[in-house]
Amino acid sequence: EEDGVQYHFRRERDVLDDLKNGLFLEAELIHNQQVSGTSVRELMKAADSGKIPVNEIDFGGTINVRHAKPDTIFFFVIPPSFREWKYRLQGREIMSEDELKNRLETAVKVLDEGLSRNDFIFVVNESSHESAEEIDAYVHERTVMADQNAARDLARQIRHDLTNYLSTH
C-alpha cells in the first residue's frame, strides 16, 4: 500500500487534531491498532472536481454518512471464498500470526454487521476491475446487481469458514 494511492497515511497527531476540529465525516479505530476515516477535505475535493467519491468505510462510520447524506449507496465487497480472501490478505503484506488473527477476528465482526443490515448491496469481488465496473454501472445506470441472496449466502459461508479457521488456529 502506498501513501496517496490506496490510502493517505498521516501522523497520529495530525489525525487527532483533524478529528477534534470536525474535519472527518467519520472515523473509527480498526483492528484495535489504527484510525481510519473519511476526510471532509477529500470529499470536498472530489465534489469540486465533479467526481463521485468512493470510500472504504467501517461500519460505525456508515451511521454518520447515512445521517449526512441519506442517499448514499453502501456496497459490501466480499471475496469469492474464504480461501481466496486469506490468500489475498496474506499477499498484501507480511504479517505475524497475531496480526492475521486480529484481522480475521475483525472480519467476523464486519461480516456479522453486514449480514445484519439490509442497506448494503453485496458485491462478490472476483477481480477488482470487474467489481469496479459492476459498481460503476449500478451507480450510473442503476443496473441490477448480482443475486443478493446468493451473495449473502456466500458471505455467511465465508463467515462460517472464518470461524472454523479461528477455532483451530
Side-chain angles (χ1 to χ4, degrees), residues 1-12 15 24-39 42 52-66 72-139 143-169:
E1 296 172 347
E2 295 177 52
D3 186 25
V5 178
Q6 293 89 354
Y7 301 99
H8 293 284
F9 298 104
R10 301 185 51 219
R11 293 187 336 222
E12 183 177 357
V15 171
F24 278 89
L25 178 59
E26 59 82 29
E28 193 168 335
L29 181 65
I30 58 169
H31 308 305
N32 294 319
Q33 67 186 21
Q34 66 200 40
V35 174
S36 180
T38 304
S39 164
E42 291 299 316
I52 297 172
V54 175
N55 294 336
E56 179 183 344
I57 299 175
D58 288 296
F59 283 99
T62 62
I63 295 164
N64 288 353
V65 172
R66 177 72 69 212
T72 298
I73 302 167
F74 293 102
F75 295 97
F76 193 108
V77 181
I78 60 172
S81 68
F82 170 70
R83 183 178 181 177
E84 178 63 19
W85 178 71
K86 191 168 174 255
Y87 172 78
R88 291 176 186 180
L89 182 64
Q90 291 176 320
R92 288 176 61 189
E93 60 185 85
I94 296 172
M95 65 181 79
S96 68
E97 277 299 314
D98 286 343
E99 173 68 13
L100 177 62
K101 183 180 179 211
N102 190 18
R103 288 179 181 241
L104 296 176
E105 288 170 349
T106 299
V108 171
K109 293 174 190 172
V110 168
L111 284 163
D112 285 344
E113 183 70 27
L115 288 165
S116 73
R117 293 176 44 186
N118 292 322
D119 58 342
F120 289 98
I121 299 170
F122 279 71
V123 177
V124 178
N125 182 5
E126 296 287 347
S127 78
S128 297
H129 180 73
E130 287 176 23
S131 295
E133 284 184 347
E134 186 177 0
I135 290 168
D136 184 68
Y138 181 84
V139 168
T143 57
V144 176
M145 296 297 278
D147 179 359
Q148 289 299 290
N149 290 329
R152 283 177 175 273
D153 286 345
L154 175 59
R156 282 188 275 282
Q157 180 62 52
I158 291 169
R159 189 213 179 279
H160 174 78
D161 294 346
L162 235 162
T163 304
N164 284 342
Y165 179 86
L166 284 168
S167 69
T168 60
H169 287 82

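One is the number of the first residue; the rest follow in order along the sequence.
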Task: Set of residues satisfying ring pair (Phe, Tyr, Trp, His ring centres under 6.0 Å) with respect to H169, sequence neighbours excluded - done: Y165
Open item on the list: Applying salt bridge (Lys or Arg N to Asp or Glu O under 4.0 Å), can you list everything that pairs with R159, at least two apart in sequence or on another chain?
Closed with: D112
- [ ] Name all residues meeting the side-chain contact (heavy atoms from CB on, under 4.5 Å) criterion together with T168; count only those two or more places apart in sequence or in a different chain, and write none if there are none.
- [x] none
TODO: Please name all residues satisfying side-chain contact (heavy atoms from CB on, under 4.5 Å) with V110, sequence neighbours left out, ordered by chain then number.
DONE: F59, F76, T106
Open item on the list: For K101, run the side-chain contact (heavy atoms from CB on, under 4.5 Å) check against E97, E99, E105 and tell me which one passes.
Closed with: E105
TODO: Only counting residues at least two apart or in another chain, list the ones meeting side-chain contact (heavy atoms from CB on, under 4.5 Å) with L162.
DONE: F82, W85, L104, A107, V108, L111, I158, L166
Open item on the list: Test: salt bridge (charged side-chain N to carboxylate O under 4.0 Å, His left out). Region: residues 73-87. Which pairs qualify, not counting sequence neighbours?
Closed with: E84-R88
- [ ] Give the C-alpha distance, both sets of side-chain angles, the deciding distance and a yes or no for side-chain hydrogen bond (donor to acceptor under 3.5 Å, both in side chains) between D161 and Q157.
- [x] CA-CA 6 Å; D161 294 346; Q157 180 62 52; 2.7 Å; yes
TODO: State which residues pass ring pair (Phe, Tyr, Trp, His ring centres under 6.0 Å) with F24; sequence neighbours excluded, sorted by chain then number.
DONE: none
Task: Distance, nearest 0.5 Å, that separates CD of E130 from CD1 of I135 - done: 12.0 Å
Open item on the list: Just to verify, what does E126 make a salt bridge (Lys or Arg N to Asp or Glu O under 4.0 Å) with, not counting sequence neighbours?
Closed with: none
Open item on the list: Tell me every residue that passes side chain to side chain donor-acceptor pair (under 3.5 Å) with S131, counting only those two or more places apart in sequence or in another chain.
Closed with: N125
Open item on the list: Can you list everything that forms a side chain to side chain donor-acceptor pair (under 3.5 Å) with E26? Sequence neighbours excluded, please.
Closed with: T38
Task: Nearest non-hydrogen partners of A151 and I78, listed with the distance - done: O-CD1, 3.5 Å
Task: D136: salt bridge (Lys or Arg N to Asp or Glu O under 4.0 Å) partners, not counting sequence neighbours - done: none
TODO: Taking the side chain as every heavy atom from C-beta outward, state whether V124 and F122 have any pair of such atoms under 4.5 Å apart.
DONE: no
Task: Residues forming a side-chain contact (heavy atoms from CB on, under 4.5 Å) with D147, sequence neighbours excluded - done: N149, A150
